[in-house]
Amino acid sequence: MRVTFVASEVGSGLRRNLTMTLAVIITVAVSLGLFGASLLVRAQVSTMKDFWYDKVEVSIFLCGKGSDTPSCSGGPVTDAQRDQIKADLESLKPIVESIYYESKAEAYQRFKEQFKNSPIVDNVSEAALPESFRVKLSDPTKYDVVASAFAGRPGIEQVNDQRQILDKFFRLLGGLQLVALLIAIAMLIVTVLLIVNTMRVAAFSRRRETSIMRLVGASNFFIQLPFLLEAAFAAGAGALLAIGSLMLTKAVIIDGVLAPSFQFTSFVGWDAVYTIAPIMFVTGVLLAGLAAFFTLRKYLRV
Amino acid sequence: MILFDRVTKQYASQQRPALDELSVEIEKGEFVFLVGPSGSGKSTFLRLILREELPSRGSVWVAGKDLGKLSNWKIPTLRRQIGTVFQDFRLLPNKTVAENVAFALEVIGKPKSLIRKVVPEVLEVVGLEGKEQRRPDELSGGEQQRVAIARAFVNRPMLLIADEPTGNLDPATSVGIMKLLDRINRLGTTVVMSTHDSAIVDQMRRRVIELEGGQLVRDQSRGVYGYAR
């Protein structure tokens, strides 16, 4: 195997077919960029899930003076009811990880803290806020167990799962990811078709060389190798561009803009980018290589 | 060297077979002219030897191998033992004479040191010393064909296939090419040459195989181009 010979063939092939090479590089970059972006959104969702599910609680609001749900028809919660609820919660361990009782006073403190810059604080009195049990579950998806056991019980106004609010948000992100993924797949198909066509043109423009190679007994592998390497090289260049823009997105948009503006949540770390980058590269090069391989099998027969 | 055993070649797009139950044997070291009108099956005959086509029926043996049973990946090995020359030379216009010849060795993975040694040798054999750095378009037709022959011969094949090698050349130049092919034949390479050039065939007095309609109509050991044509 003559490495320098193959390398010079690849180089001249790329130069001869410069416009097509550029087209392949750009489509690979765009499709892999979208592909990487969709993977990044997925990583973001999973980061946020880890972050938030760790913090979400099931809130069991107890009946207060003004509560008008049927379960509160007996008036505000009694001490006996409260003790019973607490005991029942304790019995649900280990599903229930920890239980925290929040009194009206504490609820008011938290409310004031949360809305300290808003005039709404002045209109709300301590008595208007319900006391509650804040229940942390060992597995946030087991919410149903708690809900079915406590919802509608006398003395309990409402059982609230914070996860449900988050899930709406995650579904939105999941939808975005799906859209990005679908566009990425469409673009990858376009890329494959373009590579197939590029290989056809390349095989045609070099039919003189390849026919001579065939005649003097060059192996199929040797005849196809420069073409395969060209496709892989163009795809690799496109993949590097896509990876570069993904890293730029992480550095400028996520770390530079989103993270400082939304400090209450966490964002994907560089580890996610480093996991996604090789996936993008391998996907691009492999896809191009396979597309080229099957095209060449058809156009460069022995 | 070459054995055609009741070979029929039927192309899908044609009604009449290109070769019809053809049986012929060519011994090692022979010089054979393949003659016959256009469409008589000469090209198919040569393509079958090169395993560019497979026979529809019968078998073709080259260098002791039944080509019908030769697996795809062994075809290059077969072709390395066969040199090929065409009417239209088939040189690479952007490579020099030396590079064109070297190309045949490069693509079968021969080391650079060997290429540097044998390319000047073979260019001397074909009479192109001093023109190594010329490009094909700077050469005459005869010289271009010599480059093509050098490329076919540089790997010292046991068989040389020449498909109307003098078809594009004037008679004087053709004589030079024939002398070269004769010399290569004397070096031990079997030569099979298809041609329409009656003067050459009559002059050389070698074995003549004549095809017509895909059938063997004449096989003469010291033949001429044709009867009273």
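In what follows, chains are A, B, ... by sequence order, proteins preceding strands, each numbered from 1.
- Contact of P157(B) with chain A is not made at all, since no heavy-atom distance falls under 4.5 Å.
- Few gaps surround NZ on K95(B); more than 12 heavy atoms of other groups in view lie less than 6.0 Å from it.
- At least one side-chain heavy atom of E52(B) sits less than 4.5 Å from a side-chain heavy atom of L215(A).
- For R42(A), the CZ atom is loosely surrounded, since the number of other residues' heavy atoms within 6.0 Å does not exceed 12.
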Give the intermediate values and the outcome of side-chain contact (heavy atoms from CB on, under 4.5 Å) for residues V216(A) and R79(B). CA-CA 6 Å; V216(A) 299; R79(B) 291 189 184 144; over 6 Å; no
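- Taken from CG in N220(A) to CD1 in I75(B), the straight-line distance is 8.0 Å, to the nearest 0.5 Å.
- Annotation for F103(B) and E209(A): closest pair CE2-O, 4.0 Å, computed over non-hydrogen atoms.
- R214(A) has its side chain out of reach of P76(B): every pair of non-hydrogen atoms, C-beta onward, lies at least 4.5 Å apart.
- I82(B) touches chain A through its backbone: at least one of N, CA, C or O sits under 4.5 Å from a heavy atom, while the side chain does not.
- Taking CZ of R80(B) as the reference point, atom OG of S219(A) lies at 6.0 Å (rounded to 0.5 Å).
- Heavy atoms from other residues, nucleotides or ligands lying under 6.0 Å from CH2 of W270(A) number more than 12.
- Within 6.0 Å of CZ in F31(B) there are more than 12 heavy atoms belonging to other residues, nucleotides or ligands.
- At a 4.5 Å heavy-atom cutoff, I161(B) makes no contact with chain A through either its backbone or its side chain.
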